[in-house]
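Shown next, in structure tokens, is the structure this report addresses.
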2 protein chains.
Amino acid sequence: MYSESTKDKIIDAAKIVFIRKGMDGARMQEIADEAGINKALLHYYFHSKQELFNAVLYGVLRQMIQGLIVLFKKDEPFEDKLVSVVSQYDTFMNQNPYLPQFIVREINRDPDQLSDFMTDQGLDLNSIRMILENVETEGGLSPAAFPHLFISMIGLVVMPYLGRPLFQRKLFDNSPERYERFLAERKDFVAQLLRNAIRTKR
Amino acid sequence: MYSESTKDKIIDAAKIVFIRKGMDGARMQEIADEAGINKALLHYYFHSKQELFNAVLYGVLRQMIQGLIVLFKKDEPFEDKLVSVVSQYDTFMNQNPYLPQFIVREINRDPDQLSDFMTDQGLDLNSIRMILENVETEGGLSPAAFPHLFISMIGLVVMPYLGRPLFQRKLFDNSPERYERFLAERKDFVAQLLRNAIRTKR
DNA sequence: AAATAGTTTAACCAAATGGTTAAATTTCAA
DNA sequence: TTGAAATTTAACCATTTGGTTAAACTATTT
């Protein structure tokens with residue numbers, strides 16, 4: 001059986017607590033408990049809450065961004081690319097259901113820091129423009145429509161996770177099974193919707 | 001000139017602070033400052049932070065829900081209804097840009113309380129089912145597709161506000177003017193996209 | 001004028017919380 | 001075996017924060 005290093009145990013625990021409660025709501029004691037250690041040891045590895053928080057945030061972001069970049073750079077028609085991204089995004093969210101909320105919180109808490117980090121990770125205006133140019137040549141899609149499509153894609157994929165507690169209660173009789181079924185269907189629905197949007201816009 | 005009551009001044013101030021920072025991040029002192037009064041007087045009107053928070057949350061929600069219910073009950077074809085809702089949602093978000101984030105936070109913090117409140121306000125499963133049945137007869141849309149459409153609509157309208165700080169930086173050279181222009185176009189884009197989706201699904 | 005409600009000032013309290021410290025104990029590699 | 005690194009225990013500290021209190025002052029109403 002694989003046994004984690006203490007540092008990894010801490011990061012995993014912090015991930016759980018920070019993502020659920022945010023920077024303000026999280027308690028160092030709670031993270032220590034979750035990791036199965038004590039507060040002194042926690043501070044032995046991470047001097048401050050901020051340092052630990054950054055480690056968690058950047059780790060999660062790196063994982064997400066790298067996956068997306070790989071997909072975007074893949075050589076396939078734009079439509080297929082969109083579908084791939086939707087699919088990847090969706091599995092990722094499925095594995096980290098509280099992630100969207102966490103990132104939204106971060107976007108609004110310290111956008112500059114987050115934006116800089118993304119640039120460091122290779123997700124900057126240039127790389128996005130590259131995609132945009134591909135779209136222009138490949139699909140004949142107007143450049144003005146690209147941001148709309150891009151943001152739509154994110155909204156369509158992410159909303160079911162952001163609002164799950166409410167949607168499940170109000171639209172699915174608070175049945176987790178039915179909501180899971182809904183999520184499973186969703187990938188195709190979104191892909192179809194985006195395909196239509198592209199075809200209409202070109 | 002119209003002069004607000006102190007209680008209203010407090011609620012307005014609390015709205016600003018709570019919506020920006022959430023329940024955990026907000027400070028009573030900050031709210032008092034924002035309202036131009038002192039902490040003692042703040043507690044004179046609202047015994048606890050929780051009480052004040054509830055007043056703000058419920059006030060905002062009531063306003064939002066009532067507006068939507070009126071629109072949904074209006075007697076017009078489903079397509080037009082959708083467009084109306086998108087349009088109304090959008091102006092509301094425009095006037096309260098931090099609201100989506102606030103509500104998302106609440107949905108995940110205390111979903112039961114929020115769900116119950118919505119039921120009290122007349123937005124329950126029954127009223128949603130009523131709409132659903134109208135859709136069935138009017139539009140020939142399959143009931144299974146309704147939740148997808150509904151959640152899509154919310155995601156499409158709300159995402160530009162949830163992610164604005166990041167999107168503006170990454171897609172619009174951090175130009176507020178260009179983002180405003182983008183938001184102005186958005187209403188039509190979303191309406192068009194949803195219309196397509198309905199036509200395809202029926 | 002007198003009473004009442006609204007408001008300020010300023011000090012205070014208790015609890016929670018991030019962080020520290022030091023000594024003792026365990027683990028483990030050189 | 002020995003010495004360094006990892007871990008625990010447990011007490012402690014400073015700060016922040018929600019909330020209280022009491023006395024004084026001001027505006028408003030009766």
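Lettering follows sequence order; numbering is per chain, from 1.
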Starting at atom CG of A:L42, determine the distance to atom P of D:dT9, rounded to an integer number of angstrom. 15 Å
A:Q50 has an atom CD; how far is it from atom P of C:dT17, in whole Å? 18 Å
Looking at A:K187, I want to see if its NZ is surrounded by more than 12 non-hydrogen atoms of other residues, nucleotides or ligands under 6.0 Å. yes
Write down the distance between CD (B:E51) and C1' (D:dG19), rounded to a whole number of angstrom. 13 Å
Go through residues 20-39 of chain B and report each residue with a non-hydrogen atom lying under 4.0 Å from DNA chain D, sorted by number. B:A26, B:R27, B:M28, B:K39
To the nearest angstrom, the CZ-P distance between B:F53 and D:dG18 comes to 13 Å
To the nearest angstrom, how far is A:H43 atom NE2 from D:dC13 atom P? 18 Å
Can you figure out which of D:dT8, D:dG19, C:dT7 approaches the side chain of A:L41 most closely? D:dT8
More than 12 heavy atoms of other residues, nucleotides or ligands under 6.0 Å from CZ of B:F117: yes or no? yes
Go through C:dT7, C:dT8, D:dG19 for me and flag the one nearest to the B:A40 side chain. C:dT8
Side chain A:S84, main chain A:D80, donor-acceptor under 3.5 Å: yes
If only side-chain N and O atoms of B:T6 are considered, is one of them under 4.0 Å from the OP1 or OP2 phosphate oxygen of C:dG6? no
Can you run down the ring-ring contact (aromatic ring centres under 6.0 Å, His included) pairs that involve residues 17-45 of chain B, sequence neighbours left out, and say none if there aren't any? B:F18-B:F53
Side chain of A:Y44 (C-beta onward), nearest among D:dA5, C:dG19, D:dG18: D:dA5
Under 4.0 Å, heavy atoms only, any strand: does B:Y45 hit a base, just the sugar-phosphate, or nothing? sugar-phosphate
Between A:R178 and A:N174, is there a donor-acceptor pair closer than 3.5 Å when you use the side chain of the first and the backbone of the second? no
Parallel, tilted or perpendicular, judged at 30° and 60°: which one describes the rings of B:F167 and A:F150? perpendicular
